[in-house]
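Note sheet for the following structure.
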Amino acid sequence: DTLGGTWNGWIYGGIDDQEAAANTLTDPSSGGVLCCQGSTGCSNTATAREIIANKVYACPGTISSGGAYGSDAESICGTNYHVCYSSNELQALGFTNSMCVNDVAENSNEFFATKETSNGFAKCYSVYGGDWTGRNDLWGCASNPNGTYTPLLSSCGVLAYRTQDGDWNNWIHGGDGSNEATTNTLTSSSSGGVLCCQDITPEPTPRPTPPPTTSEPATMEPT
């Protein structure tokens with residue numbers, strides 16, 4: 001607790017009930033401030049990979065059910081973050097294709113998924129449009145993956161790779177070639193996880209201004 005006066009390099013700001021805002025420090029030998037670690041985009045802060053500070057994180061984890069759309073995937077993300085919806089969302093946050101292939105995966109055995117998907121034919125919604133009802137394929141990020149059924153280099157805006165119809169490392173195909181986004185599972189975080197984006201509260205839509213009311217002129221009933 002500070003007192004109402006100057007002490008060493010701490011200079012009293014002259015306002016008794018506003019010391020927190022008015023006091024100043026002129027000499028670092030008299031102290032400083034305590035800093036607390038901010039939250040990251042991953043529920044497991046020890047393995048969180050910051051891609052864009054306070055916006056996008058690569059989060060290793062496991063998914064037992066629901067694919068990228070289930071609660072398991074969402075639980076990999078930290079408070080106030082979610083599994084990134086799409087290439088368009090990532091691009092709006094400043095994410096780039098170069099980040100996808102160079103900064104997300106630490107080795108060629110990892111794939112980090114998003115909710116970007118399609119109605120088929122490798123035509124993702126962010127690029128080709130659509131009603132987002134289909135869940136065919138799963139787009140995300142990797143770095144020169146190799147092996148059988150390796151994620152394919154399949155550009156979707158800023159996302160570079162999509163899954164194939166088969167198991168790859170610890171990414172297990174769910175057996176439904178038309179719904180990988182909701183049926184694929186991940187049994188070990190050594191094969192990746194999900195990309196998590198910061199929750200952004202949408203700007204409220206202003207209520208329309210009601211039209212001015214007009215009063216009808218009074219009319220006299222004929223007598």
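None of these values were measured; they are calculated from a predicted model.
No side-chain heavy atom of Pro60 sits less than 4.5 Å from a side-chain heavy atom of Asn44. Taking the side chain as every heavy atom from C-beta outward, Leu186 and Ser191 approach each other to under 4.5 Å.
Linking ILVMFWY side-chain heavy atoms closer than 4.5 Å, directly or via other members, places Val83 and Ile76 in a single hydrophobic cluster. Note on Val194 and Val56: separate hydrophobic clusters, where clusters join Ile, Leu, Val, Met, Phe, Trp and Tyr whose side-chain heavy atoms are under 4.5 Å apart, directly or indirectly. In this structure, Val101 is not a member of the same hydrophobic cluster as Phe112, with clusters built from ILVMFWY side-chain heavy atoms closer than 4.5 Å. When the side chains of ILVMFWY residues are joined at heavy-atom separations under 4.5 Å, either directly or via intervening members, Trp168 and Leu159 end up in two distinct hydrophobic clusters. Linking ILVMFWY side-chain heavy atoms closer than 4.5 Å, directly or via other members, places Tyr161 and Ile51 in two distinct hydrophobic clusters.
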(request) Any chance you could lay out the ring-ring contact (aromatic ring centres under 6.0 Å, His included) test for Phe111 and Trp171, step after step, and finish with the verdict? (result) CA-CA 8 Å; Phe111 174 78; Trp171 278 99; 5.6 Å; yes
(request) Decide side-chain contact (heavy atoms from CB on, under 4.5 Å) for Arg162 and Glu180; before the verdict, give the C-alpha distance in whole Å, the side-chain angles of both, and the deciding distance to 0.1 Å. (result) CA-CA 10 Å; Arg162 65 178 172 86; Glu180 291 91 344; over 6 Å; no
(request) Test Ser87 against Val127 for side-chain contact (heavy atoms from CB on, under 4.5 Å), laying out the working first. (result) CA-CA 8 Å; Ser87 173; Val127 175; 5.8 Å; no
(request) Dump the intermediate steps for side-chain contact (heavy atoms from CB on, under 4.5 Å) on Thr185 and Ser64, then the final yes or no. (result) CA-CA 5 Å; Thr185 59; Ser64 298; 5.8 Å; no
(message) Test side-chain contact (heavy atoms from CB on, under 4.5 Å) on Ser65 and Asp72; report intermediate values, then the result.
(response) CA-CA 7 Å; Ser65 63; Asp72 286 353; 3.8 Å; yes
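Here the CD-OG distance, from Gln164 to Ser154, works out to 10.0 Å after rounding to the nearest 0.5 Å. To the nearest 0.5 Å, the span separating SG on Cys124 from CG on Asp137 amounts to 10.0 Å. The distance from the OG1 atom of Thr182 to the CG atom of Leu138 is 9.5 Å, given to the nearest 0.5 Å. The line from CG of Leu90 to CD1 of Ile52 is 7.5 Å long, rounded to the nearest 0.5 Å. The CG atom of Asn184 sits 9.0 Å away from the CD1 atom of Ile63 when rounded to the nearest 0.5 Å. Rounded to the nearest 0.5 angstrom, Asp167 CG and Thr148 OG1 are separated by 10.5 Å.
Between the side chain of Tyr128 and the backbone N or O of Ala122 there is no donor-acceptor pair closer than 3.5 Å. Side chain of Ser118 to main chain of Asn136: a donor-acceptor pair is present (N/O by atom type, distance under 3.5 Å, no hydrogens or angles).
Between the side chains of Asn88 and Ser86, no donor N or O sits under 3.5 Å from an acceptor N or O. A donor atom on one side chain and an acceptor atom on the other are found under 3.5 Å apart for Ser126 and Glu116. A side-chain donor-acceptor contact under 3.5 Å links Tyr125 and Asn119. Using a 3.5 Å distance cut-off with no hydrogens or angles, the side chains of Asn144 and Ser108 do not pair a donor with an acceptor. In this model, no donor atom of one side chain and acceptor atom of the other lie less than 3.5 Å apart for Asn146 and Thr150. At a cut-off of 3.5 Å, with distance as the only test, a side-chain donor of Asp199 or His82 sits close to an acceptor on the other residue. In the model, Thr96 has no side-chain atom that pairs as donor or acceptor with a side-chain atom of Ser98 under 3.5 Å.
Taking every heavy atom of both residues into account, Ser75 and Ser43 meet most closely at O-OG, 2.9 Å. Heavy-atom minimum distance, Thr62 versus Ser189: CG2-N, 3.8 Å. Here the closest non-hydrogen pair linking Thr114 and Cys84 is CB-O, 3.4 Å. The heavy-atom pair separating Asn107 from Asn109 by the smallest distance is OD1-N, 2.8 Å. Among all heavy-atom pairs drawn from Cys42 and Ala58, the shortest one is SG-O, 3.7 Å. Nearest approach of Trp132 to Tyr85, heavy atoms of both residues: CH2-O, 4.0 Å.
With a 6.0 Å cutoff to the six-membered ring centre and a 45° limit on the axis angle, Arg135 counts as a cation-pi contact of Tyr69. The cationic group of Lys55 does not satisfy the cation-pi geometry with Phe95, failing either the under 6.0 Å distance to the six-membered ring centre or the 45° limit from the ring axis.
For Lys115 and Glu89, the salt-bridge test fails: no basic side-chain N is under 4.0 Å from an acidic carboxylate O.
Cys pair Cys196/Cys59: SG-SG separation is not below 2.5 Å.
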